[in-house]
> 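Below are the structure tokens for one structure; questions will follow.
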Amino acid sequence: MFNLLTVGDFSQNLVSSLSNSLGFWYLIILNAIGVIAITLKVIEYQSKTRRGSLTFAILSDLCWTMYFLLQGNFVSALMCAIAVGQFAVFMQREKHSWASSKLWLVLFFVLQGASGILTFINWYDVFAITAGLITVVMYYV
């Protein structure tokens with residue numbers, strides 16, 4: 001059975017063990033990954049093509065996934081990991097007819113919402129869930 005306390009305890013144990021073993025380098029690595037993610041997101045918005053935009057969105061969300069995992073924020077990491085798959089499917093819309101189906105919109109919307117609700121730990125997880133749902137619609141359009 002899935003236990004929300006187990007996810008929270010795992011996240012906190014991960015953060016404390018990494019922080020203890022890496023010392024101040026933990027914060028440097030964490031913040032460097034965050035800066036890389038922000039830089040990739042800025043480049044994404046400067047991209048002229050949909051494919052380029054989605055490529056940088058995938059790279060950015062991979063960095064955000066790592067950032068949130070290292071921070072112990074499992075819900076946000078899960079939302080970003082789902083978004084990576086979503087971007088990969090949405091990138092194929094111009095090439096393949098299977099990726100153009102509106103079922104993908106519904107599937108990713110339900111997946112983002114359900115995974116967010118099932119892994120909900122703290123009140124600020126609402127922001128990750130809301131962002132995930134908005135992202136599905138925004139990148140589909």
Side-chain angles (χ1 to χ4, degrees), residues 2-141:
F2 186 71
N3 188 350
L4 293 179
L5 295 176
T6 307
V7 173
D9 292 340
F10 174 74
S11 297
Q12 293 307 317
N13 290 338
L14 176 69
V15 170
S16 59
S17 66
L18 284 173
S19 181
N20 290 335
S21 63
L22 295 174
F24 75 95
W25 287 104
Y26 169 73
L27 291 176
I28 291 173
I29 292 168
L30 180 70
N31 289 319
I33 292 171
V35 168
I36 292 168
I38 291 170
T39 304
L40 289 169
K41 192 55 85 173
V42 169
I43 294 170
E44 171 195 344
Y45 288 119
Q46 301 302 318
S47 182
K48 302 282 186 209
T49 64
R50 178 176 172 81
R51 184 166 185 79
S53 177
L54 288 172
T55 300
F56 283 108
I58 287 171
L59 294 173
S60 175
D61 270 15
L62 286 172
C63 288
W64 283 123
T65 301
M66 180 62 79
Y67 175 82
F68 287 126
L69 281 176
L70 289 175
Q71 201 176 40
N73 190 341
F74 183 73
V75 176
S76 296
L78 182 62
M79 295 295 137
C80 290
I82 292 170
V84 168
Q86 161 191 317
F87 297 148
V89 170
F90 290 168
M91 189 184 295
Q92 301 301 318
R93 286 178 63 191
E94 296 168 354
K95 285 185 179 180
H96 304 286
S97 61
W98 59 265
S100 297
S101 174
K102 291 187 182 195
L103 290 176
W104 288 110
L105 174 66
V106 173
L107 175 75
F108 284 119
F109 198 81
V110 169
L111 190 59
Q112 287 275 13
S115 62
I117 291 169
L118 290 175
T119 58
F120 188 87
I121 298 171
N122 294 317
W123 66 270
Y124 57 81
D125 292 338
V126 170
F127 296 118
I129 296 166
T130 305
L133 295 174
I134 291 171
T135 300
V136 172
V137 176
M138 184 179 78
Y139 281 96
Y140 182 79
V141 173

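Values below: all heavy atoms of this structure, side chains included; hydrogens, waters and symmetry mates excluded.
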> Just distance, no hydrogens or angles: give the donor-acceptor pairs under 3.5 Å from side chains in residues 25-37, sequence neighbours left out.
residue : atom : partner : partner atom : Å
Tyr26   : OH   : Leu70   : O            : 2.1
Asn31   : ND2  : Leu27   : O            : 3.0

> Just to verify, what does Val126 make a side chain to side chain contact (heavy atoms under 4.5 Å, CB included) with, not counting sequence neighbours?
Phe120, Thr130
> Quick one: which residue pairs count as a salt bridge (charged side-chain N to carboxylate O under 4.0 Å, His left out) with a foot in residues 32-50, not counting sequence neighbours?
Lys41-Glu44
> For Met91, look at atom CE and say whether over 12 heavy atoms of other residues, nucleotides or ligands are found less than 6.0 Å away.
yes
> For Trp98 and His96, take the angle between the two ring planes, folded into 0 to 90°, and tell me which bin it lands in: parallel under 30, tilted 30 to 60, perpendicular over 60.
parallel
> In chain order, what residues pass the ring pair (Phe, Tyr, Trp, His ring centres under 6.0 Å) check against Phe108, with sequence neighbours excluded?
Phe90, Trp104
> Among pairs that include at least one residue of residues 88-98, which meet salt bridge (charged side-chain N to carboxylate O under 4.0 Å, His left out), considering only residues two or more places apart or in two chains?
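Sorted result for residues 88-98: empty, none.
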> Not counting sequence neighbours, list each pair that qualifies as a ring-ring contact (aromatic ring centres under 6.0 Å, His included) and has a residue in residues 41-71.
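Every ring-ring contact (aromatic ring centres under 6.0 Å, His included) pair that includes a residue of residues 41-71, provided the two are not neighbours, is Trp64-Tyr67, Trp64-Phe68.
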> For the atom pair OG1 (Thr55) and CD1 (Ile43), what is the distance rounded to the nearest 0.5 Å?
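Result: 12.0 Å between the selected atoms.
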> Throw together a table of side-chain donor-acceptor distances under 3.5 angstrom for residues 75-83, partners on residues two or more places apart or in other chains.
residue : atom : partner : partner atom : Å
Ser76   : OG   : Asn73   : OD1          : 3.3
Ser76   : OG   : Asn73   : ND2          : 3.1

> Please list, chain by chain and in numerical order, all residues satisfying side chain to side chain contact (heavy atoms under 4.5 Å, CB included) with Ser97, sequence neighbours excluded.
none
> Provide the closest heavy-atom pair for Leu105 versus Val137 in the form atom of the first, atom of the second, distance.
CD1-CA, 4.1 Å
> Partners of Thr135 by side chain to side chain contact (heavy atoms under 4.5 Å, CB included), sequence neighbours excluded?
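With neighbours one apart ignored, the set is Gln86, Phe87, Tyr139.
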